Amino acid sequence: MGHRHFSRREVLSSISALSTGGILLPLSVLEGRPADLRSPGVIRGSLRDGVTGQPVAAKIRVTHTESGESFMPERAIKTMPQRSRKDVKHYFYARGSYEVAVPPGRYQVEVVRGIAHQAVVAYTEVGSGITHVHDFEIPVLRDLQAARWYSGNTHTHYHLELDENPDDCLRLVPPAEALDVSVISYLIRNDSPYITNRYPIGRLPEFSRDGTLMDMGEEARNNKTFGEIGYGHCLFLNIPRLVEPVSTGLLSAARKAADFPTLSMLCQEAKRIGGTTVWCHNGAGMEMPVAAALGHIDAYNVADGLEADYLRYYALLNCGFRLPASCGTDWWIYDHNRVFVQVEGAFDYDSWIAGLRGGRTFVTNGPLLEFTVNGRSPGSTLEVTGPLQVRASATSRLPFDQLQIVMDGRVVAEQAAIQQVEARLEREISVERGGWIAARVTSGTKTHAGYTVFAHTSPLYFRIEGTPFRQAEAAGAFIDEIENSIRFIRKVYRFASEADKAVAVGRFEEGRKAFGRLMS
């Protein structure tokens, strides 16, 4: 099913809207002449916040109820590029008000703002040459900012194939998605024309005037092949300048550059100049465990561009690492992926980054989580002598199945969702040794972009005196992985000199030794 667009020249002139749900007749009809059945009608209205009453940005989907065909304004900014899959639902963005021309018929108008607001739906019968006015007030599902939770997307870039002007996208899309922070990533993939690379590194005040703080960061990358990640992909947030080389090996501008420096070396430099490092794509990459063991990763992105997968994340936590969960969308802001960060004091980018690094986070593409253990929030470390008092809740506009408590990678409590939109859980959980604990939701439902609905908090870490909090088998698995990587690097990767190869291999050997110490 495609999208239909009518130019304003095709739409009959009409008077201004007077009230919600009103019908505006064209002048020809008001003068007694019959309506032109070949002419389109118009659906338009205002977009306001349900609490403040102020104009807001949102995304809109106008669908013919019988054919399922969707309609958009002629030059609308869309939720996804045209090359995306055909089975996804597309929306267009609007700020403060909207207007779309449609053929006569019955339509559904759906208005969506972020994920902490309820979706609003209205139906209307559109006549030829007639303007139908539907104003929308978008109610809040949960006021997270009241508890100092602020959302962010840590990973975004736009390719030159984008249909719309990227300046317009940066000004409109993040506020419509109700993002408080949005980070754009400078990226090099040979000579591919990433249009967002034209923005300067650092804060972007020109695009931070509509309620979203914008930052231009970097994604450093190395691949084995164009489709298989090598060292890994890592984001650098809040940096004063590029960390170069941005891409090494076959992803570099020259395609034949050396696979050097390693990604953990670039992470180390990013942190040295004050940046925050966030590993991408569910921990993919052979240097991820090395960078974690050497202390070069500040946060771990779940599901940026992929389905959420916790396997490697849990393995790192079982090794005893403190590693906050983060999230983003990677290509465009096409879905609801985001990380919520609880800040201390007033909200600004610095307090948000501090909360992210401190692990006061949860990641989600729909469900909104609350989670405490012994009254403490994610990111905390607890010294305990008895059972854990766990409280968790989830509220969601998108359906989900279970709210679960995960301890050291195992589900230790769960609660089915009521009508698939809310769940609450209180448990006393006995523990015999130190470890970590978190809340998550599971779902068989897909988002409008076709990805499985998920949510997961960062862990709380608990310690029991005289007991271990690490698992030797998790560290041992990473040692095996690192040894395989060392063999691959020695055999396949390119270096300008034997000295550079020795430095690269040395980083991996240092990581292997760190996991060896964890095992003991």
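Just the heavy atoms: all of them, side chains too, but no hydrogens, waters or symmetry mates, feed the values below. Quick caveat: nothing in here was measured; it's all calculated off a predicted structure.
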task = Would you mind reporting whether N365 and T452 have side-chain heavy atoms less than 4.5 Å apart?
result = no
message = So, using side-chain hydrogen bond (donor to acceptor under 3.5 Å, both in side chains) as the criterion, who are the partners of E414 when residues are at least two apart?
response = Q404
remark   = Hits for side chain to side chain contact (heavy atoms under 4.5 Å, CB included) against E370, two or more places apart or cross-chain, chain-then-number order -> R142, S393
D180 side chain vs T212 backbone, donor-acceptor pair below 3.5 Å = no
query = Have R357 and T276 got a donor and an acceptor in their side chains that come within less than 3.5 Å?
reply = yes
ask   = Does H90 offer a backbone N or O that forms a donor-acceptor pair with the side chain of R61 under 3.5 Å?
value = yes
key: side chain to side chain contact (heavy atoms under 4.5 Å, CB included) involving A308 - partner list, sequence neighbours excluded   = V302, A303, Y310, F454
For residues 107-123, tabulate all N or O donor-acceptor pairs below 3.5 Å that involve a side-chain atom, not counting sequence neighbours.
| residue | atom | partner | partner atom | Å |
| --- | --- | --- | --- | --- |
| Y107 | OH | P103 | O | 2.7 |
| Q108 | OE1 | Y123 | OH | 2.8 |
| E110 | OE1 | Y91 | OH | 3.1 |
| E110 | OE2 | Y91 | OH | 3.3 |
| R113 | NH1 | A57 | O | 2.9 |
| R113 | NH1 | P175 | O | 2.8 |
| H117 | NE2 | D49 | OD1 | 3.2 |

key: Neighbour count >12 (heavy atoms, 6.0 Å) for atom CD, E66   = no
Under 3.5 Å, sequence neighbours excluded: what are the donor-acceptor pairs made by side chains of residues 185-193?
| residue | atom | partner | partner atom | Å |
| --- | --- | --- | --- | --- |
| N190 | ND2 | L250 | O | 2.7 |
| N190 | ND2 | S252 | O | 2.8 |
| S192 | OG | R189 | O | 3.1 |

key: Donor on one side chain, acceptor on other, T447 and D335, under 3.5 Å   = yes
ask   = Sequence neighbours excluded, which residues qualify as side-chain hydrogen bond (donor to acceptor under 3.5 Å, both in side chains) partners of D215?
value = Y349
inquiry  = Just to verify, what does E422 make a side chain to side chain contact (heavy atoms under 4.5 Å, CB included) with, not counting sequence neighbours?
reply    = I418
note = Residues at least two apart in sequence or cross-chain that pass ring-ring contact (aromatic ring centres under 6.0 Å, His included) with W149, listed by chain then number, are F362
Heavy-atom side-chain contact between V102 and H64 under 4.5 Å = no
key: Donor-acceptor under 3.5 Å (Y300 side chain, Y313 main chain)   = yes
ask   = Below 4.5 Å, heavy atoms only, C-beta onward: do R338 and T364 meet side chain to side chain?
value = yes
ask   = Taking only residues two or more places apart in sequence, or in another chain, which ones meet E428 in a side-chain hydrogen bond (donor to acceptor under 3.5 Å, both in side chains)?
value = Q389
inquiry  = Less than 4.5 Å apart, side chain to side chain, heavy atoms only: is that true for F236 and T277?
reply    = yes
Heavy atoms from other residues, nucleotides or ligands near CZ of R203 exceed 12 (cutoff 6.0 Å) = yes
task = Taking salt bridge (charged side-chain N to carboxylate O under 4.0 Å, His left out) as the test, write out the residues that go with E307, two or more places apart.
result = K446
ask   = Under 30°, 30 to 60°, or over 60°: which ring-plane class applies to H233 and H281, parallel, tilted or perpendicular?
value = perpendicular
Any side-chain heavy-atom pair of E177 and K59 under 4.5 Å = yes
ask   = Does the side chain of L368 come within less than 4.5 Å of L141's, by heavy atoms?
value = yes
key: Short side-chain donor-acceptor distance under 3.5 Å, H157 and D330   = yes
Full working for side chain to side chain donor-acceptor pair (under 3.5 Å) between N153 and S182 = CA-CA 5 Å; N153 183 334; S182 186; 5.3 Å; no
task = Determine whether V278 and L237 make a side-chain contact, defined as any pair of heavy atoms from C-beta on separated by less than 4.5 Å.
result = yes
query = Got a sec, which residues hit side-chain hydrogen bond (donor to acceptor under 3.5 Å, both in side chains) with D167, two or more places apart in sequence or on another chain?
reply = R198, Y199
request  = For a side-chain contact (heavy atoms from CB on, under 4.5 Å) with S326, tell me which candidate from N301, T361, V341 qualifies.
outcome  = N301
request  = Give a yes or no on whether the backbone of T65 and the side-chain of T63 come within a donor-acceptor separation of less than 3.5 Å.
outcome  = no
request  = Would you mind checking if R391 and E426 are paired as a salt bridge, meaning a charged N to carboxylate O distance below 4.0 Å?
outcome  = yes
message = Centroid separation under 6.0 Å, is that true for the rings of W436 and Y314?
response = yes
request  = Apply side chain to side chain contact (heavy atoms under 4.5 Å, CB included) to R360 and list each qualifying residue two or more places apart in sequence or on a separate chain.
outcome  = Q342, E344
query = Distance only, no hydrogens: is a donor on one side chain within 3.5 Å (strictly under) of an acceptor on the other, for D401 and Q420?
reply = yes
task = Report yes if the side chains of R312 and N282 come closer than 4.5 Å at any heavy-atom pair, otherwise no.
result = no
